[in-house]
Amino acid sequence: MDSRALQALQTENHALRQQLQSLLHEARLNEDKMRRFDQLEHQLIGADGLLDLVTLLLTGYKQAFAIDQVALTLVDPEQELSRILSFDSGAAHALAGLHLPESPEALERAYTSVSQPQLGRFDPLRHGALFAPDSSERIASVALLPLNRHGQLIGGLHFGSHDASRYEAGTGTQLLERLGHVVAVCLESAINQERLKLSGLTDGLTGVYNRRFFEHRCLIEIAQARRYRHPLACLFLDVDRFKSINDLHGHPMGDEVLRCIGQLIQGQLRAGDTVARYGGEEFVVLLPQTSAEFAGEIAERIRSSVAEQRFISAHPGTGNRQEIAVSSSIGLAMLTEGASAHDANGLAALMVAAADQALYQAKQGGRNRVVFARA
Ligand SMILES: Nc1nc2c(ncn2[C@@H]2O[C@H](COP(=O)(O)OP(=O)(O)OP(=O)(O)O)[C@@H](O)[C@H]2O)c(=O)[nH]1
């Protein structure tokens, strides 16, 4: 072999070795990527509840794969997820990037398929609503993973990169497709578990929370109110002359009235407020970060919505229909500053007793009214 041919061979050899090195490097990177992917998948499967799972989705992938923006959309028509996640209100701040729209509209605008991930350039019109407004400005490319159960879009996991070439249309999406499936299954299972937990905390007849939940929530709200020096209001509502509704129109009609009143109260509240059935025909409401004046307005709105509601009772024998009006009495108490020497349990008992006492005054005063507890 002459020296020119030898040199050409050596050059070719060198190029091949370099190519091999770079392939090996890529394989190692892929192996490392797979390992991190696997690790996160195990964590998803082992997540302890919905809050844990959502937190992992929003932070785990961002850190492990250096993704600029991660957002999660879950369709929440009944605001059930929002209620579940606000149960532990202290953790709600950790959920930046989570969107819980009541309708799937924003998702349907972004996705052309319910099962295939979509990669490509960021389009503010189609993708803007999937990311937080202040974070979407710098996003240049996106990977959108549809989360579907039984062919229905229940949400989407959305990765955004400042690098336009990071997520390119037409590149392999097998791994992301698998991730979408795993996330959707994990979410469904976590939501079902939360539903089970919640069923032990809600009242079977009215669908609002039960007394056990109220007592738990009350301690959390009292702790928050004391820590941040926020006012906390408590309303106690009792349906007026409820016994006569049962006696005159039957127990099922009484049940219907209770169900409707639970919904009327709920309809006047904000997302962080809590209504629970305390017992029989008594409801209790917690209004965090609410002044006495505003709590009085809310109580008045509840009282008038109950008084304006009409129920239709059909006589079991004759079938004659009759319109029934119902009223309610409400006692209102604020968490008192002066009692700060007590622990949260003691404060809760004082607040509830004060609202109950005010309710008694409302009954004595002629019913269908709101009475403030004396400070
Ligand atoms: N239909 C129905 N009735 C209930 C339920 N729980 C309690 N009750 C009835 O609620 C009635 C409460 O009556 P009372 O405590 O005497 O008071 P009231 O008739 O509301 O009169 P005032 O409170 O004084 O205005 C009782 O007759 C209970 O049987 C329920 O789940 N369904």
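For ligands, and for the atoms within them, numbers begin at 1 and follow the listed sequence.
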Best match, M253, H251, E281: closest heavy atom to atom 15 (O) of ligand 1: E281

For atom 29 (O) of ligand 1, the protein heavy atom that lies nearest, with its residue and separation: N246 ND2, 4.2 Å

Protein contact of atom 7 (C) of ligand 1 - nearest heavy atom, named by residue and atom, plus distance: G280 CA, 3.5 Å

T206 backbone acceptor or donor facing Q263 side chain under 3.5 Å: yes

Numbered atoms of ligand 1 (with element) below 4.0 Å of G254, judged on heavy atoms: 1 (N)

Atom 5 (C) of ligand 1: the protein heavy-atom neighbour that sits closest, reported with distance to 0.1 Å: R277 NH2, 3.8 Å

Distance flag, aromatic centroids of F236 and Y278, threshold under 6.0 Å: yes

Per-residue contact class, L258 against ligand 1 - non-hydrogen pairs under 4.0 Å: side chain

Heavy atom of the protein closest to atom 22 (P) of ligand 1 (residue, atom name, distance): K363 NZ, 3.5 Å

Residue, atom name and distance, where the atom is the protein heavy atom closest to atom 19 (O) of ligand 1: K243 N, 2.8 Å

N-O pairing of D38 and R178 below 4.0 Å: yes

Enumerated ligand 1 atoms positioned under 4.0 Å from heavy atoms of R367: 22 (P), 24 (O), 25 (O)

Top protein contact for atom 10 (O) of ligand 1, by heavy-atom distance: F242 CD2, 3.1 Å

Those atoms of ligand 1 less than 4.0 Å from some heavy atom in D240: 25 (O)

Heavy atom of E282, distance to ligand 1 below 4.0 Å: no

